[in-house]
Structures are given as C-alpha cells and as structure tokens.
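All heavy atoms count here, side chains included; hydrogens, waters and symmetry mates do not.
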Amino acid sequence: MRRDRRRPVLVRVRAALLLAWVAAGALAWTPRAARAQEAAGDPLAGLAAATRQALGALLDSARTARLPLATLQAKIAEGVSKGAEDEQIVRAVRELSGALSQARGALGAAASDAELVAGGGALQAGVSAGELRRLRTSAGTRSLATALVVLGDFVRRGVPKGPGLDAIAELLGTGATDEKFSDLRARVARDISTGVAAATALTARLKQVNSEPGPRAVPAAVPTGPPNPVPPEVEP
Amino acid sequence: MMHRSRDASLPPAPRFARRIAAGVARSVLALAVALPLVAPRAGAQVATSVEAGYRDWARRDTSTFGPVLSGRMVALWRGVRGEFAANLLATGGSDPVRGLNASLSVPFTLGRRSGIELRGGIERDAFDPVSERSLLGVRATYAMDVGRVGVSASAGWLQPWSEAAAPSGMDFTVGANGVVGQVHLYTAVRYRGLVQPVHIDGDSTGVDPKTCRAQMLAATRVATVCLGQERATDVELGGMYRAGSFQFGLRGGSRLANRSTLAGPPMWIAASASVPLTARTNLVAQLADLPADVVRQVPARRMPSLGVRLDVLGGSVRPSVGPDPAPGTGSAEASESATIDDGPGDGTMLLRVAVRAARTVAVRGDMTRWRALTMSRAATVAWELRVPVRRGVQHLVVSVDERPWRPLRGAPLADDGFGGDVSVVVAPKAPTAR
C-alpha cells in the first residue's frame with residue numbers, strides 16, 4: 001500500500017527531472033563561440049604599454065586607410081594566443097598592414113575586405129603587386145578572394161609562381177566559379193602530398209579541370225580518404 | 001489495444017541486486033541532468049537529444065508496442081566518451097517499461113595508426129521486455145589503419161547484475177571498414193557464447209564433457225566451466241550514408257553457425273533513416289529485423305519505429321545503427337578541409353572541419369578571436385562549430401586529440417607571420433565593394 005501511495009510522487013519527480021534535463025540542454029544551447037565572443041576583451045590587453053602604443057598607432061593608420069581592422073585585430077589576438085613576443089606581434093601586424101595597403105593599391109579602391117586579405121596573403125607569399133593587377137584586369141568586377149587564396153596556397157606549396165599565376169589567370173578568363181578554383185587547388189594539394197612534383201600536378205590538374213563540363217562541387221566536408229579504424233558495432 | 005507479456009520462466013532477481021541497480025540508475029539519471037550544465041564549463045563537448053515516437057517490439061508470441069519517449073546524451077571530454085540513454089515505453093494500463101543505458105569509453109593511441117579503446121557500461125533495455133535485466137558490460141577494442149581500410153578486433157564480456165546465477169556472455173569480433181564517397185561501409189564476423197559455471201570444487205559428476213570446453217584451476221579448487229553451450233557465429237555487412245543532416249543506414253547479416261536454444265531466421269536486415277525537418281528536428285524511422293542475441297538471451301524480434309528527434313544541445317547524436325569511431329590516427333592529411341556556411345539565421349555561421357580518425361577536435365582562429373573552442377562531431381570525420389558571423393577570409397588552426405596546434409593540411413595554407421602556417425577558409429557572401 002505504501003508503495004502505491006508513493007508511486008505518483010515518484011512519477012512526478014522523474015518527470016520533473018526529465019524536464020529539467022531538457023531545459024538545461026536548451027539553456028546551455030547558446031553557442032559557446034558566441035559567448036566566448038562576448039567575453040573576449042580588448043586584444044591589446046595584457047601586452048606591454050609600449051607594444052600597445054605601437055599597435056594602437058598601426059590600427060589608427062589602418063583605420064585611416066580604410067584597411068580591414070578586424071583582420072589586424074585578429075592578427076594581434078593570434079600572436080597573443082600563440083605566445084609570440086611583443087616585438088613579433090608588432091612586426092607581424094606591421095607587415096600585414098603593409099601587405100593590405102599594397103593589395104589595395106593593386107586591386108583598386110573598390111576591392112572588398114576579403115579580396116584585400118586574400119591579396120595581402122598572396123603578396124606575403126611572394127606574389128608581386130604587378131601580378132595582382134594583372135589578375136584584377138582578368139577578373140573584371142568579380143571577387144578575386146578565392147582565386148587569390150588559391151594562388152597564395154600554390155606558392156606556399158611550392159608551385160612555381162609563373163605557372164601558378166598563369167593557371168589562375170586562365171581560369172579567370174574562362175569565367176570559372178570559386179568552386180572550380182577550390183577544386184583545382186584541392187587536387188593539386190592532394191597530388192603534391194603524394195609526392196607528385198608541384199608543377200606537374202598543376203599542369204595535369206588544370207587540364208583535367210578545364211576538360212570537365214560545369215562547375216564541380218566544393219570538396220565535401222566528408223573526404224574520401226582512408227577511413228579510421230572502426231569497430232563494427234557499439235556494444236559494451 | 002496494447003499487449004504486454006513477460007517470460008514467467010525467468011527467475012526473480014535478488015532483492016539487494018535490484019536495490020543496487022535502482023540506486024545506480026538514479027545516480028546516472030542525476031548525473032545526466034547535471035552534466036549538460038557542468039560539462040561545457042569544463043571544456044567538454046555535450047550533445048543531447050529527445051525523441052518521441054511509436055515503437056513496436058514483436059517476437060513470435062508476444063508484442064509490446066506504444067508511444068515511446070527517449071532521451072540521449074553524449075559527452076566527450078579529453079577523448080573520454082560517455083553515453084547515456086533513457087527510454088520510457090508507455091503500455092496503457094500496466095507499468096511503463098523503463099530502460100537505461102550508460103557507458104564510458106577511454107581511448108589509448110598507439111603510434112599514428114592504431115589504438116585501443118576500453119569501454120564499460122550498464123544496460124537495461126526498455127525495448128526488451130522479455131528479459132528486462134540489468135547487465136554490466138566491458139569491452140576492449142584494438143583498431144588500426146591498413147592502407148585505406150580500418151581493421152579492428154574486440155572482445156567483450158556481459159555480466160547479468162540482477163540475476164546472480166545467470167550465465168555471463170562473451171563475444172569476439174573482427175571487422176573491417178572503409179569510406180566510399182559519403183558512405184561508410186563495414187563488415188564484421190562475430191562469435192558470441194555463454195559462459196556457465198556448472199560445478200565447483202572439482203566434482204565433475206554429471207558434467208557433460210562435450211558441452212564443457214574449459215576447466216579453470218584456482219588456488220585451492222577446480223571449477224568446471226561450460227563454455228559455448230549456447231553460441232552463434234554471425235557475419236554482418238552494413239553501411240551508413242550521410243549527406244548533411246540526412247542519414248540512412250542499412251545493415252544485414254547471416255548466421256554462419258548456431259548452437260543455441262534461441263531459434264531465429266538465418267538472415268536479417270535492419271534499416272534506419274533520419275530526415276531533417278528543421279535545423280534541430282529530424283524525422284527518424286527504423287525497421288529492424290534482428291536475430292536472436294545469444295549472450296543476452298533475447299530471441300529474434302522485429303522492431304519498427306517512427307518518431308521525431310529534437311537535437312536539444314550540440315550536434316546530432318549519431319544513431320545506434322552503424323559504425324562508431326575508435327582510437328587511432330589517420331594519414332590522409334590531404335583530405336582535411338574546412339568550410340564556413342550560413343547558420344540558421346540566429347547570428348551564427350557553421351564552421352565545418354573534416355579531420356579523419358580524431359577523438360577530439362578544437363579550433364582557434366579569426367572567428368573565435370583565437371580562443372580555443374571544442375568542436376562537435378557531426379559525422380564520421382566531420383566536426384562542426386557554430387561561430388559568430390564573420391564574412392570573408394578567415395584563418396584557423398586545429399588541435400586534434402589535444403596534440404599541438406596545426407593547420408588543416410588539405411586546406412589552403414598561409415604564412416601566419418609568426419614562423420608557422422595557418423589554414424585559410426573563405427566565408428560565403430563576402431561584400432564585393434565598399
């Protein structure tokens with residue numbers, strides 16, 4: 001009899017626990033990244049006073065020149081996150097600011113922030129301002145961001161700059177989509193990682209990409225590489 | 001219209017064992033309530049889901065069916081994976097059938113291509129009203145990459161908790177798996193058998209030597225153990241296709257050898273599907289025609305179900321049908337990639353990273369203000385994180401299994417200005433002009 005009287009109470013308690021669990025999950029759903037973003041403070045905090053002053057001056061100059069401030073602030077945060085010395089951080093921000101400014105000069109006043117950042121990266125990888133101008137001319141008004149990211153990656157992976165630049169210009173000339181640029185880059189990177197010479201990989205893959213009709217999909221989030229070892233069934 | 005039947009031949013569980021099992025179940029439930037609040041603050045990745053639907057459980061002579069409510073939680077912290085699931089199956093006028101499953105797995109990496117995973121847990125299956133027992137299980141798995149294929153071998157032990165005299169179950173499994181496109185395929189051969197202690201103190205009178213495969217010698221006495229009186233060997237082949245939130249799993253198998261009182265069909269098949277309805281809601285369906293389980297002493301049964309799953313926290317919880325990740329690291333770094341897509345319109349974007357053979361993936365980059373954040377597993381090799389909206393060119397590095405930060409090797413690279421490389425990803429819809 002006692003058991004029977006307690007049962008409705010127990011059922012309610014368990015229902016309340018289940019609801020609390022669901023509610024807790026819903027409350028905790030707020031993206032952690034967003035919370036981190038809110039909690040993130042001044043990227044200059046924690047640096048020496050002289051460093052803050054130098055970086056502040058660089059940021060002020062960038063603001064005046066209408067360079068993408070967020071990218072420079074992210075570079076400071078990156079340096080702090082990686083434990084770089086203050087001098088390294090100032091040097092990195094100064095070099096990036098210079099590259100962004102140079103990219104603006106090469107790509108034009110109407111260049112987007114994404115194009116400036118990608119162009120700055122290409123310049124830092126070894127591409128010249130004149131070569132950026134050439135690509136701007138080939139591209140017309142379309143965004144060069146992805147093409148420049150691909151070009152910078154080519155140079156970073158050892159693809160000779162001349163053929164790399166020619167390949168990008170050729171694709172721009174054919175009106176290739178960003179997906180096609182990404183596809184070419186992924187194939188070349190894969191070939192290089194398996195030991196194929198960078199120039200050979202670029203030549204072969206460019207020919208292949210150009211011969212395929214229509215845009216190819218962006219490389220899937222789930223790659224087709226070899227799998228990890230997996231037990232066939234979950235069972236304690 | 002609901003009918004429920006239990007096998008009256010099963011012996012009643014000892015009272016103290018039931019009390020202990022109930023205590024453990026309540027503790028696990030309390031932990032499950034508290035964990036979603038506490039775990040994220042400790043750097044753990046937690047995903048929870050709630051599923052409501054209708055399920056049938058049918059064998060030859062009995063059936064249990066009705067509305068079912070399930071809660072499922074997966075927590076991952078420093079490679080240690082905890083899973084908890086609670087089920088409640090309403091059965092009309094009688095008591096609801098309650099189920100509880102909880103497990104903990106710990107990986108140990110061996111070199112770059114192999115690892116061991118130790119797993120332990122308790123289970124009480126709400127959808128198995130015939131036995132309705134509490135079981136303790138442990139499992140050890142060794143897995144490694146062989147070229148483009150992963151191979152694994154595992155051994156498990158299952159001990160009934162609520163029935164002291166019940167036999168234990170053991171199994172040995174060898175398997176292989178691979179990825180073809182977006183389909184993860186696997187195959188396995190599994191031996192399952194019961195271990196029944198039939199006599200102690202060396203007196204083997206009445207023991208049938210044909211059914212007793214081993215004699216264990218202790219310090220002062222001999223125990224005769226019958227191994228394999230009940231046993232079965234199966235081969236199974238299955239696959240899981242994933243495209244975004246859509247998932248479809250199919251597996252089938254055949255009984256190669258059987259020496260069991262549990263009859264069942266020599267072949268079986270099971271299919272499951274999860275179709276996204278909204279960003280966090282999925283229609284889930286399953287049709288499983290399962291073989292007799294020798295170690296759990298569960299006969300063959302058919303389990304169709306249909307329901308709606310709400311992903312309350314984190315990413316989707318992977319369905320129980322299909323492969324599960326194991327320790328080990330991969331070599332296909334060229335296949336690593338990163339993408340950023342628009343989120344569900346709540347001021348966030350979805351960062352997706354593909355990394356093979358990872359137990360944990362953390363990311364830091366422009367979009368996180370270079371703070372390290374743990375990503376949620378979205379598929380076998382895909383990890384995701386919702387980040388504040390930030391268009392244009394983004395830089396990032398990852399830490400896989402808490403190893404040093406590095407760029408994704410298959411993604412575009414750039415000089416970080418500090419002597420290293422970063423990965424570059426272009427978020428969509430960047431403004432084209434000032």
Main chain of A:Asp178, side chain of A:Ser182: is a donor-acceptor contact present, judged purely on distance under 3.5 Å? yes

Tell me, for A:Arg157 versus chain B, whether the close heavy atoms (under 4.5 Å) come from the side chain, the backbone, both or neither. side chain

Can you tell me which of A:Ala125, A:Gly79, A:Gly121 forms the most heavy-atom pairs within a distance under 4.5 Å of chain B? A:Gly79

Within 45° of the ring axis of B:Trp405 and under 6.0 Å from its six-membered ring centre, is that where the NZ or CZ of B:Arg364 lies? yes

Measure A:Gln88 against the heavy atoms of chain B and call it side chain, backbone, both or neither at under 4.5 Å. both

Contacting moiety of B:Val422, where chain A heavy atoms sit under 4.5 Å: side chain

Quick check: closest heavy atoms across A:Leu123 and A:Ser128, and the distance to 0.1 Å? CD2-C, 3.7 Å

For the side chain of A:Lys161 and the backbone of A:Val155, is there at least one donor-acceptor N/O pair under 3.5 Å apart? no

Heavy-atom cut-off 4.5 Å, strictly under: side chain, backbone, both or neither for A:Ala70 against chain B? both

Smallest heavy-atom separation, B:Val151 atom then B:Asn177 atom, equals N-ND2, 4.5 Å

Under 4.5 Å from any heavy atom of chain B - which part of A:Ile89: both

Under the 3.5 angstrom rule, does the side chain of B:Arg386 hit a backbone N or O of B:Met349 as a donor-acceptor pair? no

Quick one: of B:Val425, B:Val397, B:Asp416, who has the most non-hydrogen atom pairs under 4.5 Å with chain A? B:Asp416

